**Q** 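Pasting a structure here, questions to come.
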Amino acid sequence: MKKVMISAIALMISSMSLTTVSATGFGGIRVVTMHNGDDKDDKGNENPSTGGPLVVYDNLRVTLTSDSEPINATITITGTKGNVMYCGQQTITPGGSTISVPDNADEKKSVIEVVTDYQRLHGYFK
C-alpha cells in the first residue's frame with residue numbers, strides 16, 4: 001500500500017513544476033531538489049535544476065521519476081556519516097523507479113547523485 005502511495009504521489013508531482021514542490025513534504029514523503037553543480041546564482045548559491053528526474057523519498061525508499069522517457073543513470077546515495085548507502089545502475093521511468101534505502105539509527109540519507117550520459121545532478125535529503 002505504501003509503495004503504491006509513493007508511486008502515485010511521484011506521478012502527481014511529476015506533472016508539476018519541480019521548483020514549486022521542492023520543499024514540500026507529503027505526510028512523511030519528501031521531495032529532493034536536484035541541482036546541477038555548475039549552475040549558481042550571483043551569490044554562489046546553487047540553483048535548482050530544470051531538468052532531470054523527480055526524486056521523492058521516505059525513511060525506507062527513494063523513488064526517481066523521469067518526465068517523459070526512460071533514463072539510464074548511476075545513482076549514489078551517501079549517508080550523514082559519509083558512507084555510501086546505495087550505488088548502482090537504474091533505469092528511471094515515467095512510472096517511477098524505487099530503490100530500497102532504509103535509514104537506520106546510525107545513519108540517515110544525506111546526498112543523492114544522479115549521473116546520466118548528459119548530466120550530473122545532486123540533491124540533499126532533509
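Predicted model only: the values in this text are computed from it and were never measured. Side chains are part of it too, since the values below use all heavy atoms of this structure and drop only hydrogens, waters and symmetry mates.
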**Q** Taking all non-hydrogen atoms of both residues, which atom of Ser97 and which atom of Thr91 are closest, and how far apart?
**A** OG-O, 2.6 Å
**Q** Kindly give the heavy-atom pair with the smallest separation between Ser66 and Ile71, and that separation in Å.
**A** CB-CD1, 3.6 Å
**Q** Evaluate the criterion side-chain contact (heavy atoms from CB on, under 4.5 Å) for residue pair Thr65 and Thr93; output intermediate values, then yes/no.
**A** CA-CA 6 Å; Thr65 305; Thr93 65; over 6 Å; no
**Q** Give every residue pair that meets the salt bridge (Lys or Arg N to Asp or Glu O under 4.0 Å) criterion with at least one member in residues 88-105, sequence neighbours excluded.
**A** Asp103-Lys109
**Q** Roughly how far apart are Lys126 NZ and Ser110 OG, rounded to 0.5 Å?
**A** 11.5 Å
**Q** Give me each pair satisfying salt bridge (Lys or Arg N to Asp or Glu O under 4.0 Å) with a member in residues 85-101, each pair once, sequence neighbours excluded.
**A** none
**Q** Please assess Arg30 against Phe125 for the test side-chain contact (heavy atoms from CB on, under 4.5 Å), listing each intermediate value before the final yes or no.
**A** CA-CA 8 Å; Arg30 297 179 185 191; Phe125 296 95; over 6 Å; no
**Q** Side-chain donor-acceptor pairs under 3.5 Å in residues 73-82, sequence neighbours left out?
**A**
from	atom 1	to	atom 2	distance (Å)
Thr74	OG1	Gln89	NE2	2.6
Thr80	OG1	Lys108	N	3.4
Lys81	NZ	Asp106	O	3.3

**Q** Quick one: does Leu54's side chain get under 4.5 Å of Val31's, heavy atoms only?
**A** yes
**Q** Which heavy-atom pair separates Pro70 from Pro94 by the least distance, and what is that distance?
**A** N-CD, 4.2 Å
**Q** Give the minimum heavy-atom separation between Val111 and Tyr124, together with the two atoms involved.
**A** CG2-CD2, 3.8 Å
**Q** Quick one: pull up NE2 in His35 and NE2 in His122 and give me the separation to the nearest 0.5 Å.
**A** 6.0 Å
**Q** Nearest 0.5 Å, please: how far is CG in Leu60 from CD1 in Ile99?
**A** 13.5 Å
**Q** Taking the side chain as C-beta and beyond, is there a heavy-atom pair between Ile112 and Leu64 under 4.5 Å?
**A** yes
**Q** Give me the one residue out of Asn72, Val114, Thr116 that meets side chain to side chain contact (heavy atoms under 4.5 Å, CB included) with Ile92.
**A** Val114
**Q** Decide whether Gln119 and Asn36 meet the rule of one side-chain donor and one side-chain acceptor closer than 3.5 Å.
**A** no
